[in-house]
Amino acid sequence: MSADAAAQNFLERAPLELRDAVVALFPAPLQWLVSSLITIAVILTVFGVFFAFTTIAERKLLARLQNRLGPNRSGLPWLKGVKLWGLTQPFADAVKALTKEDVVPATADKLLHFLAPVTVVAFSLLGYAVLPFGRNMVPVELDAAVLYFFAAGTATELAIFMAGWASRNKYSMLAAMRALAQLISYELPLILSVVPVVIVTSTLSLQEIVHAQGGWAFGFLPQWHVFTPWGFAGFLIFLVAALAESNRSPFDLPEAESELIAGHLTEYSGFKYALFFMAEYFGLFALSGLGITMFLGGWQAPLPFLEFIPSYLWFMAKLVGMVVFFIWIRGTLLRLRIDQLTRLSWQFLVPLALINLVNAAFWALSTGHSPFLDVARWPISAALIVLPFLVMGRRLNQGRAPRQYTYAQ
Amino acid sequence: MLGTGLLKGLAVTAKNFVGSYTSPERMVTVEYPEQRPPLGENYRSFPFLVSETAEDPMGTLRCVACQICEKECPPQCIYIEKSKDKKPDATGKQQFYPAIFDIDTSVCMSCGICAEVCPFDSIKMDKVFEVAQSNRFQGLLLNREQLAKSNAYYNEIRPAEAAEVDGRLAVERKAAEEKAKAAAAAAAAKAAAAKAAPAATAATGTTGTAPVAGVADPGRSANGIPPGSTTPATGEAGTPFTVSQPAPAPSAAAPKPPAAS
């Protein structure tokens, strides 16, 4: 099936056709508004439900990774004995969060305390505006979508600091400071890991970047960026930085329970807490979506004969894969210390990302000169990133690993 | 190389994940309301009162309201009111009985001291742990009707300990019975001797009362424990437990010294 045929697929076109049909029901001056509202409603619904089931999936997966069972009790209220493997747990959690008392500390800054969860959700949702969820399915087509995405995503740091400041609680404040240090430290490698893609594709539009990864090498191999040496390195740096950006284990220092109660969430309860929780996952999904778009071929199928599955389903499948991988990481790794966290960023990820930048520049410049160079650039590019990785990895661990235990043997 | 440890860790958790589906022995979770692992032999929750039979728990309580447990209880959760009258216990001997016996389980700390100090083996530790109540005070304050449970139940929850107690009680009762028999025989011999002696004495009254006295006070020795007797009550007591485990004979004969109050 050719790309054009895939684009004409009924399932592929169905969502857009449906939206257009609904929009056509309204008078012309209102159509732009209705179209946008429908898009917003669909994104909120799809990712809201996705968030709900990610929470239960995370709990069940984490449990399985630790040889536990995970939540499997909640069923349906009117059907006793039907347990549905606990899949209705998120709805029970939502009802619980909604009916809980909303406690605001007496000395808190009431306005900021209320604004923080609202703004954090709003900012974390802004990134979705430019993500290409499927073929022709971009809410807003921006030429500088990559720039916009990072500008919007970084604003969540403001909201987190707002929460820490407004709570008037030392734990919250310390956690907010930590969160800021962490987010600023990891913003740099995150953006630097994405720049090579921009260099090679020479565009900032996410839709263009997806198209640049289209087509099949030798007729069946996908040409995603992750399958190039610089793209693979960039993807790994992106993964680590994205983990840190979304405050997930092993970089969940801002809410390290053993040290900071619940970090900036300490003074939040009920629905406001749920909003922070939601924003964290929305941010994770948005960053995963960006990683998919940048490195994993966006909404494109991995093999030619799989193109009959609609593009938006491929996007969601890749998103599920990314989220499962993040959960796997969370179930495996321990939390870092703050000095380890910042050292990893400044002494390892940032230099490596800069070297990868040179690597991508070499790749972009060596394209199409001679058939020999087109083959030879693969090992050269691989060496350009693997050797610095080995050298810097050794230096990073020098004098620190393997750990010598003086008393505990 | 940097990152190999990370991959090793991921492999470990991946193995856990697959293993959690393929090898059930990895899973340690007990799904409690459905699955109930057996409680340990020495598990204890709250005290209960042992009665000889399940049919008439109030009539056959072993408790004689001596109030030792009440005085020993560290958090003082036991409240006992001694009866004004006496009624025959399982062995037919006239004893006081608890008119009120309350245990406040919201105060009880399950130490088991009451069961340890009881010289009549009448208060023992239960194994029921699902005691949640919807109110705070009344539901957790157990009266003697709620506390009474049969000896058969005691045998069920603590077989080894109950067999030892039953054996000891059987030995004590048998000894008391023999003593009573001997006393009765002695009384009968005395009566016969009195009859055989000067003829036509008006001893009819004494012959009538002599066995009664023997039963009412069967070997009231200095040990002060409820001895067995020849009254039909022994048969009713329903102690089919033979002395399978010969209880420590000296201790069977000599009672546990009541703890200093």
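We name chains A, B, ... by the order of the sequence lines, and we start the count at 1 in each one.
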N16(B)/R64(A) under side chain to side chain contact (heavy atoms under 4.5 Å, CB included): CA gap, chis, key distance, verdict: CA-CA 7 Å; N16(B) 276 351; R64(A) 288 287 173 176; over 6 Å; no

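- Residue L69(A) touches chain B through both its backbone and its side chain, counting heavy-atom pairs closer than 4.5 Å.
- Expressed to the nearest 0.5 Å, how far CD1 of I327(A) lies from OG1 of T13(B) amounts to 12.5 Å.
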From CA spacing to verdict: side chain to side chain contact (heavy atoms under 4.5 Å, CB included), I329(A), L10(B): CA-CA 7 Å; I329(A) 292 272; L10(B) 286 175; 4.2 Å; yes

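- The neighbour count for K100(A) NZ, taken as heavy atoms of other residues, nucleotides or ligands under 6.0 Å away, does not exceed 12.
- Taking R73(A), M392(A), R68(A), Q66(A) one by one and counting their heavy-atom pairs under 4.5 Å with chain B, the maximum is reached by R73(A).
- The number of heavy-atom neighbours closer than 6.0 Å to CZ of R395(A), taken from other residues, nucleotides and ligands shown, is 12 or below.
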N67(A) vs V28(B), side chain to side chain contact (heavy atoms under 4.5 Å, CB included): CA-CA, chis, key distance, verdict: CA-CA 7 Å; N67(A) 285 335; V28(B) 293; over 6 Å; no

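- Within a 6.0 Å sphere centred on CD of Q76(B), other residues, nucleotides and ligands contribute 12 heavy atoms or fewer.
- L236(A) does not touch chain B: none of its heavy atoms, backbone or side chain, sits under 4.5 Å away.
- No more than 12 heavy atoms of other residues, nucleotides or ligands sit less than 6.0 Å from atom CH2 of W85(A).
- For NZ of K87(B), the number of neighbouring non-hydrogen atoms (other residues, nucleotides, ligands) closer than 6.0 Å is greater than 12.
- Annotation: side chain of L6(B) is in contact with side chain of L333(A) (closest heavy-atom distance under 4.5 Å).
- Pairing each heavy atom of E31(B) with each of N72(A), the nearest pair is OE1-ND2, 3.2 Å.
- Within 6.0 Å of the OH atom in Y281(A), the count of heavy atoms belonging to other residues, nucleotides or ligands exceeds 12.
- The local environment of CZ in R136(B) is sparse, with at most 12 non-hydrogen atoms from other residues, nucleotides or ligands closer than 6.0 Å.
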